[in-house]
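Working notes, beginning with the structure itself.
Residues: numbered from 1 along the sequence shown. Hydrogens, waters and symmetry mates play no part in the numbers below; they use all other heavy atoms, side chains included.
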Amino acid sequence: MIRTTIITAVGAAALSFAAPAQAQELAYSQVERGRYLTSAGDCKACHTDIENHGQPFAGGRAMATPFGTIYSANLTPDAETGLGRWSREDFYNALNEGIDDQGRHLYPAMPYPNFTLMTRDDTDAIFAYLQSLEPVHKEKPENEFPFPLNIRMSVSGWKMLFFEDEEFRPDPDQSDAWNRGRFLVDGPLHCGACHTGKNLLGASVDDEYMRGGLLENWFAPNIRGGENGGIAHWDEDDIVEFLKDGRSKHTAPMQRMGEVVSLSTQNLRTDDLRAVATYLKSLDDQPPETFDKIDAALAETGSALYFDNCAGCHAADGSGVPYVFAPLTTSNKVHAEDPSTAIRIILGGARAEPTDNVPSIPAMPPFAWKLSDAQISDLLSYLRGSGPRRAAPVSASEVAEVREYLSEEH
């Protein structure tokens, strides 16, 4: 009897210790899942004032849109300026429906049209991770939108036209890897937020899906990987390498895409990156528009400019140096329908972001001080019109427009 009582007491004590331990393990697992999804969503990049060395996730980063400037919110659990008073339900509503804790509509610069594909378990995990951060007291600057866009109710009309609240539904005719890749691309990674063309109201155009889009005068290139796509010449390993290491034999991610790789995709599991590659490689495209080879006079002028300014790094034939200097003859930036990115890189230079696997930072110097608008026009028209892959020539006025934008930006 005494022995039975002792055993029962010991067993009860063991259970009393086991329950909190199990709960702690579950909580830790949820936070780690949230950390992973937060990384996949690239939340740190947008919600950190990187330009001013702000604290991670404390918000305040200025993001230019065609309609005005919006400042990112503080995601730390500060009670006054962050998410400290938010509930899990509030957070789910923000990511799933684009509504904040006060019932106000969120501007779609926060990509809830993509995040809505995530489950409640996903958003609860992200919230658990964000609540585990150190609170940072930081007020968000007021958004700079003209009337009536500064009235949040105006967003409700946009939602009625363009927002669809739905969770991800796998395609039973496709592989698990393909479905996982589509979920990541269309959901947390929100690739289409940059790489899909937008209409006049800033909504994604279905026919332009992953065919490239303009953002802050950067043209995010076509990333369809199937036949005729912008990265048709990349294989799955190239895509995985690019997203994991921030380098590939084709190019290195620079500027905003460099941030995506440095702060987001390098932290993802290889099997998830492989799934992304599987999905992108399944996206065929229409044959590109054909253009005549440039005339002899432009070829001579452009060739001379190329040899004087570019050949030292990108090789005489434009083939580049794998993993160091991008090949220009096949570049989806050089040959993009919109030449804005190529113009920006020549004018302002660019640099790659370091990753854990490849910490070096290759960079291209700016040429705005050296080359005129007409010279850059001739150089790019030569690169876009003299090889096997041709695109429309670039005018001096297009270069002048980007030069003016950059001067105002700084």
Side-chain angles (χ1 to χ4, degrees), residues 32-48 50 56-57 61 63 72 75 95 110-111 114-115 117-118 122 125-126 129-130 168 177-196 209-210 212-213 215 218 220-225 229-231 234-283 323 326 332-333 341 350-362:
E32 284 305 300
R33 179 183 179 186
R35 184 198 304 273
Y36 188 82
L37 287 167
T38 300
S39 185
D42 199 28
C43 306
K44 187 176 182 179
C46 287
H47 291 272
T48 303
I50 294 174
F57 298 102
R61 183 168 190 175
M63 290 177 287
S72 60
L75 298 186
L95 270 63
M110 199 281 272
N114 300 91
F115 293 162
L117 296 181
M118 293 192 285
D122 290 336
I126 294 172
Y129 169 66
L130 294 175
F168 176 77
W178 186 94
N179 276 299
R180 176 65 175 173
R182 183 164 72 93
F183 166 72
L184 289 167
V185 167
D186 289 347
L189 290 177
H190 59 282
C191 304
C194 293
H195 291 276
T196 294
Y209 180 69
M210 300 304 166
L215 181 72
W218 289 102
N222 183 318
I223 56 171
R224 286 175 167 256
I231 54 172
W234 294 37
D235 59 30
E236 287 189 12
D237 288 339
D238 294 329
I239 297 173
V240 172
E241 198 171 38
F242 176 85
L243 296 174
K244 188 69 176 178
D245 296 343
R247 304 290 183 275
S248 78
K249 62 178 177 283
H250 300 288
T251 189
M254 295 184 171
Q255 308 308 111
R256 286 297 173 91
M257 188 62 206
E259 289 179 7
V260 171
V261 173
S262 177
L263 299 176
S264 173
T265 60
Q266 74 156 328
N267 301 314
L268 301 189
R269 298 189 305 268
T270 301
D271 63 307
D272 272 348
L273 297 180
R274 179 74 56 184
V276 168
T278 298
Y279 177 65
L280 292 179
K281 288 299 292 181
S282 75
L283 301 178
Y323 299 96
N332 63 342
K333 298 182 184 71
T341 289
R351 66 179 180 84
E353 292 287 332
T355 61
D356 293 342
N357 290 343
V358 186
S360 60
I361 310 177

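When side chains are defined from C-beta on, D186 counts as touching Y279, because their heavy atoms get closer than 4.5 Å. Counting heavy atoms from C-beta outward, T341 and Q255 have side chains that stay 4.5 Å or more apart. Counting only heavy atoms from C-beta outward, the side chains of L130 and F57 approach each other to under 4.5 Å. Taking 4.5 Å as the limit, some side-chain heavy atom of L268 sits within range of a side-chain heavy atom of L189. The side-chain heavy atoms of V185 and L283, taken from C-beta on, include no pair separated by under 4.5 Å. In this structure, N179 and F168 have side chains that are in contact, with non-hydrogen atoms separated by less than 4.5 Å. In this structure, the side chains of F183 and M118 come closer than 4.5 Å at one or more pairs of heavy atoms. For the pair L243/M257, a side-chain contact is recorded, criterion being any heavy-atom separation below 4.5 Å from C-beta on.
The only option from R61, K44, R351 that meets the salt bridge (Lys or Arg N to Asp or Glu O under 4.0 Å) definition with E259 turns out to be R61.
A donor-acceptor contact closer than 3.5 angstrom is absent between the side chains of S248 and W234. Looking at D245 and N357, their side chains do bring a donor and an acceptor atom within 3.5 Å of each other.
No donor-acceptor pair under 3.5 Å is formed between the side chain of T355 and the backbone N or O of S262. Side-chain atoms of H195 never come within 3.5 Å of backbone atoms of N222 as a donor-acceptor pair (strictly under, hydrogens ignored). Without hydrogens or angle criteria, T278 side chain to R274 main chain gives a donor-acceptor distance under 3.5 Å. A donor-acceptor pair is defined here as one N or O able to donate and one able to accept, closer than 3.5 Å; no such pair exists between the side chain of K249 and the backbone of Y323.
Here the closest non-hydrogen pair linking A40 and S264 is O-OG, 3.4 Å. Minimum interatomic distance between I231 and K281 (heavy atoms only, all atoms of both residues): O-NZ, 3.7 Å. Across all non-hydrogen atoms, the minimal contact from P362 to R247 is CD-NH2, 3.2 Å. Listed here is the closest heavy atom pair of P253 and G246: CD-O, 3.0 Å. Counting all heavy atoms, side chain and backbone alike, I126 lies closest to T38 at CG2-OG1, 3.5 Å. Summarising the geometry of K333 relative to A252, their closest heavy-atom pair is NZ-O, 4.3 Å, with the distance given to 0.1 Å.
Here the CD-OH distance, from E32 to Y129, works out to 8.5 Å after rounding to the nearest 0.5 Å. Atom CG in N267 sits 10.0 Å away from atom CG in L273 (nearest 0.5 Å). Atoms NE2 and CE, from H47 and M63 in turn, are 6.5 Å apart once rounded to the nearest 0.5 Å. Residue D237 holds its CG atom at 14.5 Å from NZ of K244, rounded to the nearest 0.5 Å. Residue M254 holds its CE atom at 11.0 Å from CD1 of I361, rounded to the nearest 0.5 Å. Atoms CD and OG, from Q266 and S39 in turn, are 8.0 Å apart once rounded to the nearest 0.5 Å.
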